[in-house]
Trainee: 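Below is the structure I would like to discuss, written out as structure tokens.
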Amino acid sequence: MKKIEAKSTVLLGHHLKALKLPTMHAECEKVARRCAAENVDHLGFLLQLCELELIERERRSAERRLKAARFPSIKALESFDFAAAPRVNKPQVLELLRCEYVERRENVLLVGGPGTGKTHLATALGVEACGRGKRVRFYRVTELVTQLLEAREDRQLGRLKAQLAKLDLLILDELGYVPASKAGAELLFDVISRAYERSSVVVTSNLPFEQWTEVLMSERLTGATLDRLTHRCTILETGGESYRLRAARRRRSGEVVDAASGGK
Ligand code: ADP
Ligand code: MG
């Protein structure tokens with residue numbers, strides 16, 4: 001009897017592997033013992049195993065999506081201190097975290113001074129979207145422009161654009177400085193206009209919003225592309241004062257000798 005059992009266990013292992021159910025394979029004996037002890041019937045046992053497989057599968061694919069998104073560093077909203085960022089509209093951020101804008105293929109523009117948490121918030125939005133099954137890719141704008149130019153050089157532009165077209169959410173960090181070359185700028189704006197109404201774009205920029213048009217227009221880039229980005233979008237302002245500078249100032253304010261008199 002024991003021998004037959006051992007044989008069927010081995011065979012079951014093979015079958016579960018062939019069916020690509022690694023978690024069911026790893027867990028079946030343990031769950032079977034537990035179900036036997038707890039008098040769970042056969043269907044209940046099967047249900048438990050299926051649930052384990054599904055949970056593990058979802059975890060692995062979320063991990064893959066997170067990796068594929070290439071965030072410079074993983075930032076979550078939990079580590080964002082809203083009290084230190086009084087200009088940031090918290091309810092608006094929480095609303096965005098529900099990712100409904102991605103469903104609606106709308107855009108988000110994060111505008112504020114350097115060090116005010118734009119990249120942090122954009123990353124947190126991207127990480128959340130990954131967790132909700134969205135395909136996300138984070139680029140610094142300069143990095144994307146370089147890749148587009150290189151791809152064109154190598155006749156791989158079609159391939160790169162096809163990859164970008166598959167995304168649900170494209171994050172463009174640090175837009176505002178006009179790309180070094182006119183060709184680069186045109187490729188970038190082609191990407192943005194292709195995303196229009198097909199996927200969402202989150203853009204961060206140091207430039208005050210009103211200046212965007214000026215800067216880009218001076219490069220004679222089509223106003224239509226910018227219109228597309230700003231049509232159906234949420235604008236989130238992060239203010240002007242750097243989080244780290246503010247924190248440093250708070251620390252310094254406790255000191256007896258101030259930085260100005262102590263200098264030189
Ligand atoms: P920006 O992209 O606007 O230049 P970052 O998002 O890169 O700014 O922020 C600079 C650093 O300060 C990062 O390490 C970020 O995590 C941190 N930071 C900025 N704002 C906050 C905040 N309100 N709470 C916690 N950390 C913050
Ligand atoms: Mg940044």
Side-chain angles (χ1 to χ4, degrees), residues 66-99 101-102 106-131 134 136-148 164 167 169-180 184-185 188-189 191-192 195 200-216 226 229-230 233-254 259:
L66 215 54
K67 218 168 157 189
R70 311 258 185 104
F71 296 110
S73 68
I74 301 287
K75 301 262 181 183
L77 200 68
E78 288 83 67
S79 60
F80 191 80
D81 180 2
F82 282 96
R87 289 287 299 278
V88 176
N89 182 336
K90 187 175 177 183
Q92 196 180 24
V93 174
L94 295 180
E95 167 63 29
L96 289 170
L97 218 63
R98 293 164 55 184
C99 291
Y101 70 99
V102 184
E106 292 176 1
N107 303 325
V108 178
L109 306 180
L110 285 146
V111 185
T116 54
K118 298 182 300 297
T119 301
H120 188 134
L121 288 171
T123 305
L125 289 179
V127 169
E128 184 63 29
C130 283
K134 309 292 181 212
V136 180
R137 180 72 163 87
F138 182 108
Y139 283 103
R140 284 185 60 184
V141 170
T142 47
E143 175 201 2
L144 176 60
V145 169
T146 307
Q147 282 193 21
L148 285 165
L164 293 169
L167 298 173
L169 173 61
L170 172 64
I171 302 178
L172 298 178
D173 196 26
E174 289 175 37
L175 184 82
Y177 299 102
V178 179
L188 173 66
F189 285 94
V191 167
I192 293 174
S200 294
V201 186
V202 168
V203 175
T204 80
S205 180
N206 284 333
L207 289 180
F209 189 51
E210 315 80 65
Q211 278 182 31
W212 279 28
T213 329
E214 271 170 51
V215 173
L216 299 164
L226 259 188
L229 202 54
T230 53
C233 82
T234 304
I235 298 168
L236 233 158
E237 290 182 59
T238 54
E241 203 187 4
S242 155
Y243 170 78
R244 291 210 163 130
L245 281 181
R246 188 192 288 247
R249 192 168 309 133
R250 265 204 309 272
R251 279 197 302 276
R252 263 205 315 274
S253 68

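For ligands, and for the atoms within them, numbers begin at 1 and follow the listed sequence.
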Trainee: Treating Thr123 as the side-chain partner and Phe71 as the backbone partner, does any N or O pair qualify as donor plus acceptor under 3.5 Å?
Mentor: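 Checking the backbone N and O of Phe71 against the side chain of Thr123, no donor-acceptor pair under 3.5 Å is found.
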
Trainee: Just jot down the salt bridge (charged side-chain N to carboxylate O under 4.0 Å, His left out) partners of Lys75, sequence neighbours excluded, or say none.
Mentor: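 Lys75 satisfies salt bridge (charged side-chain N to carboxylate O under 4.0 Å, His left out) with no other residue.
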
Trainee: Within the side chain of Thr234, is there an N or O that forms a donor-acceptor pair under 3.5 Å with the backbone of Val108?
Mentor: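 No; zero donor-acceptor contacts below 3.5 Å.
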
Trainee: Distance from Thr238 atom OG1 to Arg87 atom CZ, nearest 0.5 Å?
Mentor: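 That separation rounds to 8.0 Å.
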
Trainee: Hey, what do you get for CG (Asp173) to NZ (Lys118), rounding to the nearest 0.5 Å?
Mentor: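 Those atoms lie 8.0 Å apart.
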
Trainee: Among all residues two or more places apart in sequence or in another chain, which pass the salt bridge (charged side-chain N to carboxylate O under 4.0 Å, His left out) test with Glu143?
Mentor: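 Per chain and number, Glu143 pairs via salt bridge (charged side-chain N to carboxylate O under 4.0 Å, His left out) with no residue.
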
Trainee: Measure the spacing between CG of Leu109 and CG of Leu175 and express it to the nearest 0.5 Å.
Mentor: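 The distance works out to 9.0 Å.
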
Trainee: Considering only heavy atoms, which protein residues lie less than 4.0 Å from any atom of ligand 1?
Mentor: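 Contacting ligand 1 under 4.0 Å are Lys75, Ser79, Phe80, Asp81, Ala85, Gly113, Pro114, Gly115, Thr116, Gly117, Lys118, Thr119, His120, Tyr243, Arg244.
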
Trainee: Sub-3.5 Å donor-acceptor pair from the side chain of His120 to the main-chain atoms of Ala76, do we have one?
Mentor: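 Flag set: sc His120 to bb Ala76 pair under 3.5 Å.
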
Trainee: Please say which of Val93, Leu94, Asn89 ends up in a side chain to side chain contact (heavy atoms under 4.5 Å, CB included) with Pro91.
Mentor: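 Among Val93, Leu94, Asn89, the one meeting side chain to side chain contact (heavy atoms under 4.5 Å, CB included) with Pro91 is Asn89.
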
Trainee: At a cut-off of 2.8 Å, what protein N/O/S atoms sit near the Mg ion (ligand 2)?
Mentor: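 Under 2.8 Å from the Mg ion (ligand 2) - ignoring waters, which are not counted - the protein N, O or S atoms are Thr119 OG1.
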
